[in-house]
Amino acid sequence: MPCRHMRAVCAPEAPLGAALRALRTELGVPGSFPPDALEEAARPPRLPSHDATDIPFFTIDPPASTDLDQAMHLARRERGGYRVRYAIADVAAFVTPGGPLDAEAHRRVNTLYFPDENVPLHPPRLSEGAASLLPDQTCPAVLWTLDLDAEGRTESTDVRRALVRSRAKLDYAHVQQRIDAGTAEEPLALLKDIGTLRERLEVERGGISLSVPEQEIVEQDGTYALVYRAPLPTEGWNAQISLLTGMAAADLMLAHGTGVLRTLPAAPDGAVGRLRRTAKALRIDWPHHVSYAQLIRSLDPHRPHHAAFLQECTTLLRGAGYTVFRDGLLPEVTSHAAVAAPYAHCTAPLRRLGDRYAAEICLAAAEDREPPEWVLAALDSLPKEMAEGSRRAGTVERECVDIVEAALLKDRIGDLFEACVVDVQDHDPTVGTVQLESPAVVARITGGRSRLPLGEHLRVRLTEADPGTTKVRFTPA
């Protein structure tokens with residue numbers, strides 16, 4: 001599911017670049033990989049016997065991406081419906097359980113995304129080289145074959161190890177142009193057909209996909225400007241293929257009695273109430289008879305206020321966690337509230353530790369055998385590891401947002417802004433959180449003499465904005 005995306009284009013010596021570099025040091029973010037892990041990453045992988053290199057797979061990613069987890073091939077079935085082949089990088093073919101590369105991956109847990117650079121889970125030689133599904137490179141993969149009916153519902157699932165070879169590295173904008181112009185060949189053109197069908201099924205089951213815009217902070221003559229880049233429809237269709245696979249993985253796990261699910265309880269009323277106040281601050285009409293899901297689908301991520309609100313909607317995903325079960329003892333909660341179905345992370349093993357384990361469980365379930373002992377031995381501790389990794393990623397995200405917003409506002413101390421109070425502290429009602437109308441910044445407000453008017457508009461004055469201390473603070477005007 002989406003996180004808050006933010007990119008910054010800045011020189012390393014600029015205040016923003018220096019602040020982000022200092023943040024990595026402060027948080028103890030891993031730097032270079034140990035020599036023994038790099039040595040293991042350079043070894044040849046264990047290759048599967050099944051050869052699927054005749055299938056003309058393609059990848060769809062941002063233009064600069066080289067850590068390519070997924071490749072797909074889409075086709076129509078002779079009897080109607082569709083066949084989705086989805087190849088996922090087989091990281092386990094390169095990593096020896098208990099070895100130095102495995103130990104380093106457990107230390108890192110996730111790839112960390114900073115506005116100016118990424119800190120990878122695996123050495124780039126692996127994640128951007130030998131294990132990546134780059135074009136014209138034969139790679140070991142976990143190959144999913146999902147047969148769908150004419151409405152896009154899953155009829156059958158097969159998963160196995162295979163050698164694959166991608167034919168093309170495509171980017172979202174290029175794919176969108178080809179589909180819109182009607183020049184895309186069938187395997188690519190079917191992305192719209194299948195993606196649209198899966199989106200309809202998502203609405204039917206009550207699921208929600210957030211079309212979260214990417215914030216880009218661009219340095220201009222010593223100051224910073226905030227712009228949003230709205231996702232293309234192609235990105236949503238591509239995400240539906242990943243969701244389809246994650247749901248199929250969860251079904252396999254539940255049927256076999258052992259697994260690790262990505263679960264999310266329903267959002268508490270307080271969190272939804274806060275979002276209603278944010279909507280009010282951004283002048284988004286949200287009638288009480290309109291559900292959260294209906295509102296999300298009505299928003300246009302190309303509109304800055306809608307884009308800002310979609311960013312804040314990601315707060316409802318913060319209760320997501322990993323739920324492990326085994327020996328046929330199914331957990332009480334098996335569903336993911338945003339997906340509105342059981343769901344498992346299994347499509348990004350180059351960037352998420354848990355996906356490697358999920359793949360092994362699904363491969364074992366497809367063959368009606370027990371998962372490898374190294375997988376079973378790690379299951380009990382995996383949710384805690386993934387939770388700690390998620391917390392660190394969340395801290396990185398929050399601190400980066402604070403730094404970037406401070407950089408955006410650093411030259412406007414003393415200025416007045418229109419805002420809305422979206423949160424008030426229980427123990428001190430003169431302290432809370434405001435959402436600015438423009439730019440779309442969420443920040444602390446303190447120093448008033450009276451209780452903050454929760455959910456009301458007011459004018460505020462910027463009193464502090466320092467990228468070096470990541471503080472942005474306002475007072476009532």
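Numbers here simply count residues along the sequence, with the first being 1.
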>> Between Trp237 and Tyr172, does the ring-ring contact (aromatic ring centres under 6.0 Å, His included) criterion hold? Intermediate values first, please.
In response: CA-CA 10 Å; Trp237 303 330; Tyr172 293 114; over 10 Å; no
>> Do the side chains of Arg356 and Asp102 get close enough for a salt bridge, i.e. N-O under 4.0 angstrom?
In response: yes
> Is a side-chain N or O of Asp51 found less than 3.5 angstrom from the main chain of Thr53, in a donor-acceptor match?
Replying inline: yes
> Just by modelled atom types, is the Leu133 backbone N or O under 3.5 Å from a matching donor or acceptor in the Lys169 side chain?
Replying inline: no
>> Using a strict threshold of under 4.0 Å (side-chain N to carboxylate O), is an ion pair present between Arg24 and Glu117?
In response: yes
> Are Ser291 and Gln294 close enough, and set up right, to give a side-chain hydrogen bond (donor to acceptor under 3.5 Å, both in side chains), and what steps lead you there?
Replying inline: CA-CA 5 Å; Ser291 70; Gln294 289 175 303; 3.2 Å; yes
> Would Arg108 count as a cation-pi partner of Phe33, with NZ or CZ less than 6.0 Å from the six-membered ring centre and within 45° of the ring normal?
Replying inline: yes
> So, Glu40 and Arg125, do they make that salt bridge, N to O below 4.0 Å?
Replying inline: no
> Do the charged groups of Asp380 and Arg326 touch, with an N to O distance under 4.0 Å?
Replying inline: yes
> According to the interplanar angle, ranging from 0 to 90°, do the rings of Tyr343 and His336 count as parallel (below 30°), tilted (30 to 60°) or perpendicular (above 60°)?
Replying inline: perpendicular
> Which of these, Arg392, Arg398, Glu397, sits in a side-chain hydrogen bond (donor to acceptor under 3.5 Å, both in side chains) with Thr395?
Replying inline: Arg398
> Does Leu101 offer a backbone N or O that forms a donor-acceptor pair with the side chain of Glu104 under 3.5 Å?
Replying inline: no
>> Under a 4.0 Å threshold between the charged nitrogen and the carboxylate oxygen, would Asp136 count as salt-bridged to Arg167?
In response: no
> Has the side chain of Ser132 got a donor or acceptor atom that lies under 3.5 Å from a matching backbone atom of Gly129?
Replying inline: no
>> Please evaluate residues His122 and Phe94 with respect to the criterion ring-ring contact (aromatic ring centres under 6.0 Å, His included), reporting the C-alpha separation (whole Å), side-chain torsions for both, the decisive distance (0.1 Å), and the verdict.
In response: CA-CA 11 Å; His122 300 102; Phe94 296 84; 9.4 Å; no
